[in-house]
Amino acid sequence: MSDAYIALADGRVLEARSRAPGRTRGELVFTTAYTGYEESLTDPSYAEQILTFSYPLIGNYGVRAERFESDSVQPRAAVARELTDDVADWLATEGVPAVDHVDTREIVTTVREEGAMACGIAAGPDATPEDAVAEMEACEPMSAHTDIGAGVSVAEPTVHEGGGEATVAMLDCGAKGSIVSSLTERGADVHVFPYDSTPEQVAEADPDVLFVSNGPGDPENFVAAQEVVDAFAGETPMAGICLGQQIVASALGGTTEKMSFGHRGVNQPVKDLRSGRVVMTTQNHGYTVDDTGPLEVTQVNVNDDTVEGLDSDELDVITRQYHPEANPGPHDSLGFFDDVLAMVDNRRRIAAD
């Protein structure tokens, strides 16, 4: 007899095996990544979502804390064809429900055809289908999580020293740890600010670059971050990744829209329109930039032509929808961080002249 149930918004209830008990709800999404499960499970961009792994075996190289992108598991639950004991024990310790022995191909196909949807999970010896349905019916759409940043951002400003060659002020809307390390490894000091900081608070760091991080949820709910971008636009070089690209575009007069099922995985092809080069990228987002405002589209997704890169020489802006810092890879686009810091050098040369 099954001891776990997955209730979908289309009315079906799937039977599964409980690997970590609990009851929860969230937006059902999937990732095509076949490695990097530790990074995915600790990525703050998965807050308020239930993560399904399309690759059938998750956990075949253990669990190591040095690979984590944050200090806790971020999805509300994990679903897989089979989870190893290492991963199942980790999720149970974290209090995150986990289920397996379910046809994840069916789940992925459903999400691709019908879009990301409300989902409820009930797992454990006393779980019933009715429990899962009740969770699903209480699930709110992502746009309703108006203060989602509060659960993934730092509570107070923090500083990560990298050598003092540049000062980066990062708005933490759910930043992955590898974004910070990618900047400090290049000599920059990174001042990390809460997602709801004011322009005056950020200005105290006297930044050479304003950086808007990745994160979960609807970019239109990050009103404070948009106000910071608006205040610094044209005065300070600016960069953003994932949600950060969407926030920057919205603040500068563009618009965003929710995708049907988003891009999540380590195999998304992106074409640079200037060079014609195609790189493979890691992505995790359910929203995209629709109207780019004053920003120029420089990169697009090969599969669906959605916006992957925005630049503005006039405003000193460079943003990417994907994750150039991706761990465990691919690393095709790590040069983005060099380009960000090159804006600082260029601004200094202009000031010196």
Side-chain angles (χ1 to χ4, degrees), residues 162 165-173 175-176 178-192 202 207-215 219 222 225-226 228-254 256 268 270-279 281-283 285 287-289 291-301 306-326 331-351:
E165 295 183 18
T167 299
V168 177
M170 176 182 289
L171 286 177
D172 178 13
C173 301
K176 294 169 63 178
S178 53
I179 294 179
V180 174
S181 62
S182 293
L183 291 165
T184 57
E185 288 168 1
R186 288 165 172 78
D189 292 341
V190 182
H191 294 244
V192 181
V202 175
D208 297 306
V209 177
L210 174 67
F211 201 112
V212 188
S213 82
N214 67 293
F222 288 80
Q226 292 188 34
V228 173
V229 169
D230 181 62
F232 281 81
E235 302 296 327
T236 302
M238 194 176 306
I241 286 177
C242 199
L243 176 72
Q245 169 167 284
Q246 300 157 19
I247 289 172
V248 170
S250 293
L252 298 179
T256 60
Q268 289 284 333
V270 169
K271 181 177 182 179
D272 186 276
L273 298 179
R274 293 169 176 170
S275 68
R277 182 183 178 218
V278 174
V279 297
T281 67
T282 288
Q283 302 199 16
H285 61 101
Y287 289 79
T288 187
V289 174
D291 182 339
T292 65
L295 304 177
E296 175 189 358
V297 178
T298 57
Q299 298 182 342
V300 296
N301 190 287
T306 52
V307 176
E308 295 284 1
L310 295 170
D311 291 14
S312 172
D313 292 336
E314 180 181 355
L315 295 174
D316 271 352
V317 172
I318 178 172
T319 66
R320 297 294 181 261
Q321 185 57 67
Y322 51 87
H323 286 267
E325 81 293 344
H331 296 152
D332 298 20
S333 52
L334 272 172
F336 168 76
F337 296 96
D338 299 314
D339 295 339
V340 170
L341 297 178
M343 291 193 297
V344 177
D345 294 335
N346 184 57
R347 182 65 67 96
R348 288 172 176 170
R349 282 193 296 269
I350 292 174

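Each residue takes its place number in the sequence, starting with 1.
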What's the spacing between [X] [atom1] and [Y] [atom2] if we round to 0.5 Å?
X: Phe222; Y: Cys173; atom1: CZ; atom2: SG; answer: 5.0 Å
X: Arg274; Y: Thr298; atom1: CZ; atom2: OG1; answer: 5.5 Å
X: Arg320; Y: Glu308; atom1: CZ; atom2: CD; answer: 10.0 Å
X: Asp311; Y: Thr292; atom1: CG; atom2: OG1; answer: 11.0 Å
X: Asn214; Y: Ile179; atom1: CG; atom2: CD1; answer: 4.0 Å
X: Leu210; Y: Met170; atom1: CG; atom2: CE; answer: 10.0 Å

Residues at least two apart in sequence or cross-chain that pass side chain to side chain donor-acceptor pair (under 3.5 Å) with Ser178, listed by chain then number, are Glu69

Thr306 meets the side chain to side chain donor-acceptor pair (under 3.5 Å) criterion, sequence neighbours left out, with Asp304

Could you tell me if the side chain of [Y] sits less than 4.5 Å from the side chain of [X], heavy atoms only?
X: Tyr322; Y: Gln299; answer: yes
X: Val279; Y: Asp272; answer: no
X: Leu310; Y: Val317; answer: no
X: Val168; Y: Leu341; answer: yes
X: Val248; Y: Leu295; answer: yes

For [X] and [Y], work out which heavy atoms get closest and say how close.
X: Met238; Y: Phe232; value: CE-C, 3.9 Å
X: Pro294; Y: Leu315; value: CG-CD1, 4.3 Å
X: Pro324; Y: Ile241; value: CD-CD1, 3.7 Å

Please determine, by modelled atom types, if Gln283 and Thr281 share a side-chain donor-acceptor pair under 3.5 angstrom. yes

[X] side-chain N/O to [Y] backbone N/O, donor-acceptor pair under 3.5 Å:
X: Ser250; Y: Ile247; answer: no
X: Gln226; Y: Pro219; answer: yes
X: Thr167; Y: Asp208; answer: no
X: His285; Y: Tyr287; answer: yes
X: Asn301; Y: Val270; answer: no

Under the salt bridge (Lys or Arg N to Asp or Glu O under 4.0 Å) rule, collect the residues that match up with [X], sequence neighbours excluded.
X: Arg347; value: Asp316
X: Glu165; value: none
X: Asp291; value: none

TODO: Give the ring-plane orientation class for Phe211 versus Phe336, where under 30° counts as parallel, over 60° as perpendicular and anything between as tilted.
DONE: perpendicular

Of Val209, Asp339, Asp313, the one forming a side chain to side chain contact (heavy atoms under 4.5 Å, CB included) with Ile318 is Asp339

So side chain to side chain donor-acceptor pair (under 3.5 Å) across residues 237-247, not counting sequence neighbours, yields Gln245-Thr319, Gln245-Gln321, Gln246-Gln321

